[in-house]
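Each remark here refers to the structure printed beneath this line.
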Amino acid sequence: MHRWSQLFIPTLREAPADAEVASHKLLVRAGYVRQLGAGIYSFLFLGNRSTQKIMNIVREEMDKIGQEFYLPALNPRELWESSGRWSAMGENMFRLKDRKGADLCLGMTHEEVMTDIARKELRSYKQLPQIWYQIQTKFRDEPRPKSGLLRVRQFIMKDAYSFDIDAAGLDASYQKHYETYCRIFDRCGLKYMVIDAHSGAMGGSQSQEFMVRTPAGEDQIVSCEKCDYAANLEKAISKVDPVEDLKSEGDGQPLEVHTPGQKTIEDVARFLGVSPKNKIKTLAMMVTESDGDAKAPKVRQRAVVLLMRGDHQMNEAKLSSAVAGKETRPMQEDEIRDLFKSPAGYLGPLGIDWATSITDQSKPMLLVDKALEGRSNLIGGANKEDFHVKNLTPGGNFHPTAYVDLRSVAAGENCPNCGAPLRMDTAVEIGHIFKLGYKYSDSMGARVLDRNGKEVAPIMGSYGIGIERILTAAIEQSNDENGFWLPTAIAPFDVVVVSANQKDEQIRSASESIANSLQSSGYDVLLDDRDERPGVKFKDADLVGIPFRINVGKKVTEDTVEVVRRSTLAREDVKISAISDYFLALKSA
RNA sequence: CGGGACGUAGCGCAGCCUGGUAGCGCACUUGCUUGGGGUGCAAGGGGUCGCGAGUUCAAAUCUCGCCGUCCCGACCA
């Protein structure tokens, strides 16, 4: 049993001025954390108790499917060179030199170290599958740390890695993690959802994120109320209602129309009396490509032009996938003139020699959004100031390099599975499971012998959970102006026993004995034995996230105390002799 | 990295425009008081005014540079 009077729980009446989101304000006010620098936080007594409980849950569940390791945060450069990520990680990686001048970095993730162990030690399919995990500190030099503990530069992650002999094995390891993650987040008492995620530059075939809805989050997620479809906006797809194409005009060949001063989609559509749905939006981008020479790569810029339906928005993550993760940026004015021979506002696909396939690197690419596939008689720019073109038909009078999905889903569009309207929410990512494939075993040279004595690369998965984000998300889900309440499993204490008046001997001793008996029944009890006025103690009790409170006051003369549930503030008189049973019943309920 | 704001006691802020004794609330210490929702009274302690340079007889205040923090954007395996 812990006595408040002996503890360091520095609660604040006011939130720090630079805290914006609820969890940040409350974590500081409740004395869980203190800030040391941008995206760097110290965990004090209560904060540490909570994250330790979270880690214990994670550990208990992970131990059922894997083995716990503990890897170094300090990594040599050569290791990261071997996977190609020393340069790929860019500025997000903290780098330092040792006294001999050798380069080191602080680990952002541990595919490299795990794969290094695997390549040195794993020899046979008989040793597979393996699931190795750790709970360890990660360092990422985020360009913009923000929102208290939501985006930080040093944080604790449970990261796990699986090694299997084949894709079926990976499926099984992945599924184990899926189920384990559900158990972990269920035990932590979170309301979460699992969504399809964008694979990003990690590649890989499948990836799902565990998300908690909250306005404080940074991710946009799309979900269907009717069925279980849910995806990150970076990945989400939807059904679009069919659009009636315009009738061809004249001989059906591209037909220039004078559109003086009409530059935007809306202007042109209004001017010509058509819907933006019959217009083509032309986006001019440049992609940075290298020739793949690892030692002295030649880098060059190449034009990539995107065509979208006039009323659709381009999604950067989808574009990134379409160009295999290469860097893209909008074209500058002179680059636009070079390619289109026209000012912006009148750009279109005609008159340019486009690459005929994705593999043809010699010409500019024309990527057309799938929503335009099969459409006809669209209106686009003429590549000539003050002119647009009618009768544009993809695959007819111009030929896309490829049709790809580039479109951002919008709220209210139709679910790809069941057709019901989709909703959009912001959310915070608390876990991510990932089929990596052969990326690291290939690049780093991990090999085992298969059943036929043939050398093969093991197939990998990686799986992460943000420990502090579980705490933060729980607070975002359950707070009011007076504080927050955590699920019992991750709260620093199960119950706080508030002695309303330490000077009243009967109240004081009743508080002691209640706290003692609950503690010996297996609850984590905090006894507020401070010589403070009751109001101060109640305010603090409401603030610090403990789910239950027992008020010990004047009613002790009737052998009665008051149990307050923080989430609802519902209170109930309970006989002192029945208090253990009362909590026992709660636990089994 | 681009745009914006801020930096004065542990926390929240005023003072700066118009240069001249550094102030308020909370917290803290001591005493009394009070005892079911941040009790009241009194007396105290605590500040290189982010750092550095410049202007001036004199700088928290004006000028320049740097650092730090937050917000928007870019970015975010």
Side-chain angles (χ1 to χ4, degrees), chain A residues 8 10-21 24-25 28-29 31 34-41 80 83-93 105 107-112 138-148 150-153 155 157 159 161 197-204 207 209 216-219 232 234 316-317 320 325 327-330 428-429 432 434 436 439-440 443 462-464 466 481-483 498-504 507-508 528 530-543 549-556 561-562 564 569 571:
Chain A
F8 182 63
T11 58
L12 298 173
R13 238 183 241 238
E14 287 173 290
D18 50 15
E20 197 82 1
V21 300
H24 185 198
K25 290 179 185 171
V28 174
R29 282 191 59 206
R34 287 295 184 263
Q35 184 171 12
L36 186 60
I40 312 175
Y41 286 84
W80 287 77
S83 69
R85 290 210 291 183
W86 177 262
S87 58
M89 284 303 195
E91 300 248 272
N92 263 31
M93 188 150 77
C105 67
M108 314 172 56
T109 173
H110 280 71
E111 281 81 9
E112 278 79 1
K138 304 287 185 236
F139 299 87
R140 299 182 184 183
D141 194 1
E142 293 288 345
R144 186 145 100 82
K146 57 188 279 201
S147 307
L150 278 179
R151 189 155 211 86
V152 290
R153 295 194 291 174
F155 60 97
M157 180 188 255
D159 48 322
Y161 306 85
H198 175 63
S199 296
M202 292 282 282
S207 154
E209 291 167 327
E218 296 185 274
D219 285 285
N232 197 303
E234 296 179 336
E316 305 251 353
S320 170
E327 198 178 310
T328 57
R329 61 168 175 83
V428 57
E429 177 185 348
H432 198 162
F434 221 111
L436 285 178
K439 181 179 162 97
Y440 296 92
S443 63
S462 92
Y463 317 87
E481 68 276 19
N482 292 317
V498 176
S499 157
N501 184 355
Q502 279 295 100
K503 295 228 163 77
D504 182 317
I507 291 176
R508 196 197 59 76
D528 192 349
R530 292 174 299 170
D531 184 16
E532 289 285 354
R533 291 181 49 94
V536 173
K537 296 183 168 189
F538 293 154
K539 286 286 185 190
D540 272 345
D542 284 349
L543 175 61
R549 182 171 104 213
I550 298 175
N551 292 337
V552 185
K554 292 194 180 98
K555 285 184 241 173
V556 288
V561 293
E562 201 171 56
V564 184
L569 296 176
R571 46 191 71 202

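From a predicted model like this one, the values you see are computed outputs, not experimental measurements. Throughout, protein chains are lettered first and strands after them, A, B, ... in sequence-line order, and every chain is numbered starting at 1.
- Along RNA chain B, the nucleotide closest to A/Ala19 and the one closest to A/Glu218 are compared, and the more 5′ of them pairs with A/Ala19.
- Every residue was checked against the salt bridge (Lys or Arg N to Asp or Glu O under 4.0 Å) condition with A/Asp219, not counting sequence neighbours, and none meets it.
- Under the rule for a side chain to side chain donor-acceptor pair (under 3.5 Å), the partners of A/Arg530 that lie at least two apart in sequence or sit in another chain are A/Asp528, A/Asp540.
- The residue A/Ser83 sits apart from the nucleic acid: no heavy atom pair falls under 4.0 Å.
- Not counting sequence neighbours, A/Lys539 has no partner by the salt bridge (Lys or Arg N to Asp or Glu O under 4.0 Å) test.
- The partner of B/G20 is B/C57, by the rule that a Watson-Crick or G-U pair needs both atom distances under 3.5 Å.
- Going from atom CG of A/Asn92 over to atom P of B/C1 covers 14 Å, rounded to whole Å.
- Among the heavy atoms of the strands lying under 4.0 Å from A/Pro145 are primed sugar atoms or P, OP1, OP2 only; no base atom is included.
- Base pairing of B/A5 is made with B/U69, judged by Watson-Crick or G-U wobble geometry with both donor-acceptor distances under 3.5 Å.
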Let me check something: any side-chain donor-acceptor pairs from residues 12-21 of chain A under 3.5 Å, sequence neighbours excluded? List them with distances.
none

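- A donor-acceptor pair is defined here as one N or O able to donate and one able to accept, closer than 3.5 Å; such a pair exists between the side chain of A/Arg34 and the backbone of A/Val28.
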| request: For each nucleotide in nucleotides 31-36 of chain B, reading 5' to 3', give B when a protein heavy atom comes within less than 4.0 Å of its base, S when such contact involves only the sugar-phosphate, and - otherwise. | output: ---BBB
| note | Readout for nucleotides 4-16 of chain B: B = base within 4.0 Å of protein heavy atom, S = sugar-phosphate only, - = neither; 5' to 3' it is -------SSS---
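- The phosphate of B/G68 (OP1 or OP2) has no side-chain N or O of A/Gln35 nearer than 4.0 angstrom.
- Under the rule for a salt bridge (Lys or Arg N to Asp or Glu O under 4.0 Å), the partners of A/Arg151 that lie at least two apart in sequence or sit in another chain are A/Glu142, A/Glu218.
- Checked against ring pair (Phe, Tyr, Trp, His ring centres under 6.0 Å), A/Tyr161 has no partners two or more places apart in sequence or in another chain.
- Remark: A/Arg329 engages A/Glu335 in a salt bridge (Lys or Arg N to Asp or Glu O under 4.0 Å) (not counting sequence neighbours).
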| request: Evaluate the criterion salt bridge (Lys or Arg N to Asp or Glu O under 4.0 Å) for residue pair A/Arg85 and A/Glu111; output intermediate values, then yes/no. | output: CA-CA 10 Å; A/Arg85 290 210 291 183; A/Glu111 281 81 9; 2.9 Å; yes
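- Base pairing analysis places B/C75 opposite nothing; no Watson-Crick or G-U wobble pair with both distances below 3.5 Å involves it.
- For the pair A/Gly37 and A/Pro143, both in contact range of RNA chain B, the more 5′-proximal nearest nucleotide belongs to A/Gly37.
- Nearest to the side-chain atoms of A/Lys539 among the listed nucleotides B/U69, B/G37, B/C71 stands B/G37.
- Using a 4.0 Å heavy-atom distance criterion, A/Asp542 is classed as a base contact.
- Between the side chain of A/Arg151 and the base of B/C76, a donor-acceptor pair under 3.5 Å is found.
- Straight-line distance from the CZ atom of A/Arg329 to the P atom of B/G2: 18 Å, rounded to whole Å.
- With rounding to whole Å, A/Ile40 atom CD1 is found 7 Å from B/U69 atom P.
- Across all strands shown, B/A42 forms a Watson-Crick or G-U wobble pair with B/U30, both key distances being under 3.5 Å.
- Classification of A/Asp504 and A/Lys554 as a salt-bridged pair fails, no side-chain N sitting under 4.0 Å from a carboxylate O.
- Contacts of A/Arg29 with the nucleic acid, taken as non-hydrogen atoms under 4.0 Å apart, include base atoms.
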